[in-house]
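Residue numbering restarts at 1 for every chain, and letters A, B, ... go by the order of the sequence lines.
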2 protein chains.
Amino acid sequence: MGRARATREQIIEAADRLFYRQGYEHTSFAAIAEAVQISRGNFYYHFKTKDDILAAVIDARLAERRRMLERWEAEEPTPAGRIRKYIEIPLTNRADVQMYGCPVGTLSTELAKLNHASFAEANSVFTLFRTWLREQFALLGHESEADALAMHVIAFSQGVATLANAFRDEGFIWREVKQMSDWLTAYE
Amino acid sequence: MGRARATREQIIEAADRLFYRQGYEHTSFAAIAEAVQISRGNFYYHFKTKDDILAAVIDARLAERRRMLERWEAEEPTPAGRIRKYIEIPLTNRADVQMYGCPVGTLSTELAKLNHASFAEANSVFTLFRTWLREQFALLGHESEADALAMHVIAFSQGVATLANAFRDEGFIWREVKQMSDWLTAYE
DNA sequence: GTCTATAGACCGATAGAC
DNA sequence: GTCTATCGGTCTATAGAC
C-alpha cells in the first residue's frame, strides 16, 4: 500500500511537470511512464485513463496552492503583504514562467480549446486564488470592489506570464511586478 | 490557377479558424479537409506539411492585423484614439475571446509548449502590435517609456483574454477595458 | 495532349485503452 | 503484449480546362 501510494504520487508529479512543460495533449502515457521508470502495465494499475491522471494532477495542484496560501498567511501578517506575494509570483518563478508560462493559465487555455470535461475543474485553481485575494482585499476595507480587484490582480499575473513566455524577457517581468506592487499601495 | 488560389485560401481560412478554436496540434488534416470539403489528397497538393499550413496561417494573420492597424490609423486621428482601439479588442471580440481566448496569445502559448519551430514566427504578430503601440506612445510624447507602455498594454489584453476565457465573464471584460481606457487618459 | 487540380488508396508510426 | 483508431505523409490515377 505504501509502495503503491508512492508510485501513484510519482506518476502525478511527473504528469504535472510534463503537462506544464509540454501541454496535456502533447504528453503521452509512454512519456509519463518513462519519466517515472515504470512499465505501462504498472501504470494502468494506478490510472485507467489519461483523464484520470489529469483529474489527479488538478487535485494535487489545488492542494499545493492551498498549502502555499496558508504558508503566506502564516508568513505575512498584513493582507497587503499577502497580495504582494501573489503579485510577485511571475518574478519568483521567472525561469519557469519564461519557458512555459503560467501552469494554471496555460492548462485552462488548452482545456478550453480541447473542450475537455475537466475545464471547470482546472479553473478551480483560479477560483481558489480569486476567493483568497477577494478576502484579502475585503480585509483591507474594499469589500464592495474586492472581487473586481481580485480578478484584476489575477489578470495582471496572466498577462505578464503570457508575454514573458512569448518574449522571454526577464526585465519586463521586473518592471510589471514593480508597477503592480506600487499600484497596490493605493489600497493599503 | 485561379481555382487553386481560391482553394488554397479556403484552406488557410479554415485552418486559421480551427487552429484558433481547437488548437494547432488538436486540429488534424482530416478536420481541415472536411471543413473545406476537399479530399485529403487534394489537400497535399496545396500544402506539403502541417507546418506549411501553420506558416501560411501566421502570414495571413500578420497581413490581416497589418491591415487592421492601417484602418485604425485612417479612422482615428489621434494616437490615444488608436491605442484605445487596441485596448478595446477584448470587448470588440468578446464572444470569441470568451470561448477561445486571444488567437495570438493562445497560439504563442501552445507553440512554446510544443517547442515548435514557428514559435518565433507566431510571436511576430505580438511584435507587430508592440512596435505599432510603441510608435503611438512616442507620438504622445512618451518616447523613453514607449516600449514599456506598449508591453504593458499588450499584457493587459492578454490577461483579460485568458481570464475571460476561463470564467466566461463578459462583465469582467467591460470593467477591465473601462479601467484601462481611463488609465490611458493620464498619457494623453 | 498537356497541365492543373482533385481524389482516394495506402504507409509506417504512435496514440490511448485493455 | 495486443488491439484498434488515427495521425501526418506519400503515391498514383484521373477528370476537366485549355
Side-chain angles (χ1 to χ4, degrees), chain A residues 4 7-8 10-60 107 110-119 121-122, chain B residues 1-60 107 110-119 121-122:
Chain A
T7 302
R8 190 188 149 87
Q10 275 184 10
I11 292 174
I12 295 173
E13 207 173 307
D16 190 346
R17 178 191 171 91
L18 286 169
F19 290 171
Y20 176 38
R21 299 197 169 195
Q22 314 188 338
Y24 170 69
E25 194 175 29
H26 192 58
T27 300
S28 65
F29 273 97
I32 303 172
E34 194 198 22
V36 188
Q37 294 279 32
I38 60 173
S39 68
R40 304 219 331 281
N42 189 359
F43 196 98
Y44 275 99
Y45 172 76
H46 296 282
F47 295 98
K48 301 308 165 207
T49 72
K50 200 177 173 183
D51 291 358
D52 287 344
I53 308 174
L54 177 60
V57 165
I58 292 172
D59 282 349
L107 182 62
E110 182 178 1
L111 296 185
K113 288 205 195 294
L114 301 184
N115 224 331
H116 196 285
S118 292
F119 173 62
E121 261 301 294
Chain B
M1 185 59 176
R3 228 172 45 207
R5 183 165 174 73
T7 303
R8 189 187 149 88
E9 259 152 45
Q10 276 184 10
I11 291 173
I12 294 173
E13 208 174 307
D16 190 346
R17 178 190 172 90
L18 286 169
F19 289 170
Y20 176 38
R21 299 196 168 196
Q22 313 187 339
Y24 170 68
E25 194 175 29
H26 191 60
T27 301
S28 65
F29 275 93
I32 303 173
E34 195 199 20
V36 187
Q37 294 278 33
I38 60 172
S39 69
R40 286 186 2 88
N42 186 3
F43 194 99
Y44 277 97
Y45 173 79
H46 297 279
F47 295 96
K48 299 311 164 207
T49 71
K50 200 177 175 185
D51 291 357
D52 286 345
I53 309 172
L54 177 60
V57 166
I58 293 173
D59 282 348
L107 182 62
E110 182 178 1
L111 297 185
K113 288 205 195 295
L114 300 184
N115 225 331
H116 196 284
S118 293
F119 173 63
E121 262 302 294

Least distance between heavy atoms, B/I12 atom then B/F47 atom: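 That would be CG1-CZ, 3.7 Å.
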Sugar-phosphate only, base, or nothing, as touched by A/S39 at under 4.0 Å among non-hydrogen atoms: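 Counting heavy atoms under 4.0 Å across all strands, no contact is made by A/S39.
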Touch class at under 4.0 angstrom, heavy-atom based, for B/F43 against every strand present: nothing
Interatomic distance where [atom1] belongs to [X] and [atom2] belongs to [N] [whole Å]:
X: B/L54; N: D/dG8; atom1: CG; atom2: C1'; answer: 14 Å
X: B/N42; N: C/dA9; atom1: CG; atom2: P; answer: 15 Å
X: B/Y45; N: D/dT10; atom1: OH; atom2: P; answer: 16 Å
X: A/Q22; N: C/dA15; atom1: CD; atom2: P; answer: 11 Å
X: B/I53; N: D/dC7; atom1: CD1; atom2: P; answer: 13 Å
X: B/H116; N: D/dG8; atom1: NE2; atom2: P; answer: 11 Å
X: B/K48; N: D/dG8; atom1: NZ; atom2: C1'; answer: 14 Å
X: B/F29; N: D/dA5; atom1: CZ; atom2: C1'; answer: 18 Å

Presence of B/T7 side-chain N/O under 4.0 Å of C/dT6 phosphate oxygens OP1/OP2: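 For C/dT6, OP1/OP2 do have a side-chain N/O of B/T7 under 4.0 Å.
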Side-chain N or O of B/H46 closer than 4.0 Å to phosphate OP1/OP2 of C/dT6: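 So the side chain of B/H46 is within the cut-off, an N or O lying under 4.0 Å from OP1 or OP2 of C/dT6.
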With respect to the side chain of [X], which nucleotide from [options] is positioned closest?
X: B/R40; options: C/dA17, D/dC7, D/dG9; answer: D/dG9
X: A/T49; options: C/dA17, C/dA7, D/dG8; answer: C/dA17
X: A/K50; options: C/dA7, D/dC7, C/dA17; answer: C/dA17

Check: B/Y44/B/D52 side-chain N/O donor and acceptor closer than 3.5 Å: no
Inter-residue atom distance A/R40.CZ - A/E34.CD, 0.5 Å rounding: 12.0 Å
Euclidean distance, B/L107 CG relative to B/E121 CD, rounded to 0.5 Å: 11.0 Å
Heavy atoms of other groups near B/E13 CD, more than 12 under 6.0 Å: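 No, the 6.0 Å shell around CD holds no more than 12 heavy atoms from other groups.
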